[in-house]
Structure formats: structure tokens, C-alpha cells
S.K.: 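The following block contains the structure, expressed as C-alpha cells.
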Amino acid sequence: MIKDPRFDDIRPYYDEEIPEAMARIAKCGFFALLADYVFPGTPLEQVRELFSSIKNTHDFQHKVMYYVNEQIIKRSCTSFTYDGIENVNSQSQYLYVSNHRDIMLDASLLQNVLVDNGHDTSEITFGANLMSMPVIVDIGKSNKMFKVERAGNNPKDFYYTSLHLSQYIRHAIMEKQQSVWIAQRNGRTKDGIDATDQGIIKMFEMSRPEDRVEALSDLSIVPVTVSYEWEPCDIKKALEMYESRGGVYTKMPGEDVSSILSGISDPKGNVHFHIGKPIAREDLLPFDDQVNSKFNASVAKLIDKRICSSYKLWPNNYIAHDLLYGQHTYKSLYTKEQKQKFLERVSLLEKYDTCDYDTLKEIFLGIYANPVNSFLKFSEEIDK
């Protein structure tokens, strides 16, 4: 195992650190709940013995986390499908850049797709704000997750934090021979408009500043699209956008953990992943004569095209689009029963009587309707 002390502040656990982490997890206050969820019907002491037998990251991922994902799919998904796995090679490493709709599931469920197709799992970015409890740190770092610090407003701190992250991602892919998952932007998409932050592209390049094309092509960026029939935390997202109009939304203590639990347990309906083709050097060369800011924006737009043109649009998306714009354009793509079920979901907004209902409803519909707009926009550009 390649070790580099430069990254001790953010890296996942090494294999020799796993047994102690397992012992701490098995002693935590909610271990019984965790065990019952992942291994229903299995005696608690038997699950404790399983954890005590885990000696490395591979064991933890394949003996525990794989089954966590299996239970999530079984209990909260109507179907779980994927395509595009042929675009990646099990012997190669990639930087999976994904749209980001759920704090945990976007990255976690992808790991089962990789495992089921003979690929190694990826390392996963993990926001420092989520490391609020020791047991979450132990589970995350045992699951190949590495910490991403959110730098403050100090430009110097922001630069060094970004450089450190860039260097670690390159170290993971090029030296540790590990793929990496990262969201296309900082934080989840709340409004249904998936857009790559060009600052992330700039960050990728920082670890090899002498050649931006090679810096990106080295990393083998793979756009990943996840499409949920029922948007995780949809009402919470609508309320957050409503409350943040004209100002900055302040999270309540424990809100991120609450969102993680809601994402795991709430019904998601049909869920689909698309794994795109790696962005090759030839894809980047047409932008190489552009100034840096334009180059980064062009690469970000290329990723957006590949993500948004690969959506699996569900009846909910078309229903919301018709309702939002007062049309019947897509009525052939959903049934009366599907529309009624969606309207029942919309009606839950009525209980938030401190909000203007029409405004909140418009925000909520946008979460589901905006992917239709993005799909049309980028599909038309590709056709041209």
C-alpha cells in the first residue's frame, strides 16, 4: 500500500487501521439499529463477530457496505438499473464526476454497480461538515472516503485547500491506482439543474499546472448521471430554496445527518445510473487555445452535456413540466394514476402554512421539471 504522509489529514484509513475502527463501530450506541438494518434477522452477537473478523477496507466494503446498499435498494427503490458500464475498464482508474442529488447515495449506490461488474470500488469525497460524529468518521474512512475541507473566504486558505485536494486526487489515481468519485459541484443540486462548477475543473488542474490538457486527460474523467424517480429530500430542498430567497440559508444542527437518513429511508421509486465515456485528450484539445477561465468553462460544459443528455426521465419529470408551464405537452408519457400520485405529493406542501403556497409549489415543480429542460437543451446541442 502506497503511503504519503502529506495526506494524513484527509486520507481514508489504511488497512491496518480498520480493525480498531470496526471495534469502535461495534461499541457505538446505535450499532444494534445498524446491524438490524443491514442484516435483518441475524443475531446481534453474530454481527459483532462479523465486524471483529474484518481486517481491511476490502472486507468492510464487501461484507458490510455492499449489503447496506442492497438493503437501501430493496427497501426504498422500485427498480435499480444502470447502463454504460462498458465505457470503463476494470483494470483502469477513473475520476467519476457525478451529478449530486443525495448526500450519500449518489456515490454509495454506484459502488455496487462497480462491484457487480468486476471493478474495484472508488475512493469517495466526504465533506468535512459531515464528520460530526466519531462513528460517521469511522464508517466513512473505512469505506475509502477522504475528507474535503470547505475553505473560508481567505483566498490564501482557499488556494492551499484546493491544491491539497488536487494533489490527493492525482495521488489516488496515478500512484495508489484507485478511482475517485467526486460531485460536479460543491453541495447537492437543490433545484434540479445539474451544472458543473468550473472551479472544480480548475482544482483538477492545479496538481499539474504546466499542461492543463494533460492534467485532465491523466485523470480520465468519467461523467456519471444518476436519475431518481422521486428526488431525495424533495420537500426539504424546496423549503430550503424558499427560505434562502434573497439571503443565505443557515443549516440547523444535525440537518446533514437528517438528510442522510431521509435519503436512505424515503421511497425513491425507480433509480438509474448512466456511466459515460471517459473524456479523452482529443475531447479537450479543441479548447486548448482558450484562456484559462474559458477553457475551464468549456470543459465544465462538456461534462454537463454528457450528464444531462444521459438522464433517465421519469413520468414525474414530465408531469411536473406540464404542471409548471400549464401545458399538456408530455401527457402521452404518463398516466392519470401517475399524475394523481404526483399531485398527492405536491399537496403535502400545504401544511407549510408559513410559506406562500404558490411560490413553494413552483419551486417544488422546478426540481422535477428542470431536468427535462436540461435534457432538451443539451441533446439539441449534441445533435447539432
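Note that the structure is a prediction, hence the values are computed from the model and not measured.
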S.K.: Establish, from distance only, whether the side-chain atoms of Tyr242 and Asp356 form a donor-acceptor pair under 3.5 Å.
M.R.: no
S.K.: Can we call the ring centroids of Tyr368 and Phe342 under 6.0 Å apart?
M.R.: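 Ring centres of Phe342 and Tyr368 closer than 6.0 Å.
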S.K.: Should we count CZ of Arg75 as having more than 12 external heavy atoms under 6.0 Å?
M.R.: yes
S.K.: What pair of heavy atoms forms the shortest contact from Pro267 to Trp230, and how long is it?
M.R.: O-CB, 3.6 Å
S.K.: Give the minimum heavy-atom separation between Met104 and Met65, together with the two atoms involved.
M.R.: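 It is CE-CE, 4.5 Å.
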S.K.: Going by side-chain contact (heavy atoms from CB on, under 4.5 Å), name the residues that satisfy it together with Asp116, two or more places apart in sequence or in a different chain.
M.R.: Tyr66
S.K.: Using the ring-ring contact (aromatic ring centres under 6.0 Å, His included) criterion, which residues pair with Phe51? Sequence neighbours excluded.
M.R.: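 In terms of ring-ring contact (aromatic ring centres under 6.0 Å, His included), with neighbours along the sequence ignored, Phe51 is linked to Phe31.
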S.K.: Within the supplied structure, the quantity of interest is the number of heavy atoms (other residues, nucleotides, ligands) at a distance under 6.0 Å from Glu210 CD; does it exceed 12?
M.R.: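 Yes - once you tally the heavy atoms of other residues, nucleotides and ligands closer than 6.0 Å, there are more than 12.
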S.K.: Apply side-chain contact (heavy atoms from CB on, under 4.5 Å) to His272 and Trp314, showing your working.
M.R.: CA-CA 10 Å; His272 183 79; Trp314 308 106; 3.9 Å; yes
S.K.: For Phe39, does the CZ atom sit with more than 12 other heavy atoms under 6.0 Å from it, leaving out its own atoms?
M.R.: yes
S.K.: Which atom pair, heavy atoms only, marks the closest approach of Val47 to Ala35?
M.R.: CG1-CB, 3.7 Å
S.K.: For the residue pair Glu205 and Ser166, confirm or rule out a side-chain donor-acceptor distance under 3.5 Å.
M.R.: no
S.K.: Sequence neighbours excluded, which residues qualify as salt bridge (Lys or Arg N to Asp or Glu O under 4.0 Å) partners of Lys339?
M.R.: none
S.K.: Please find the pair of heavy atoms, one from Val346 and one from Phe364, that lie closest to each other, and give the distance.
M.R.: CG2-CE2, 3.8 Å
S.K.: Minimum heavy-atom separation for Ser98 to Val226, with atom names?
M.R.: OG-CG1, 4.4 Å
S.K.: What orientation do Phe7 and Tyr168 show, parallel under 30°, tilted 30 to 60°, or perpendicular over 60°?
M.R.: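 Answer is perpendicular, since the angle exceeds 60°.
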S.K.: Are a donor atom and an acceptor atom from the side chains of Lys190 and Ser244 found within less than 3.5 Å of each other?
M.R.: no
S.K.: Check each of Asp106, Asp191, Asp194 against Arg101 using the salt bridge (charged side-chain N to carboxylate O under 4.0 Å, His left out) test, and report the only one that passes.
M.R.: Asp194
S.K.: If you look at every heavy atom in Leu284 and Ser217, which pair is closest and at what distance?
M.R.: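 Where Leu284 meets Ser217 most closely, the heavy atoms are CD1-N, 3.9 Å.
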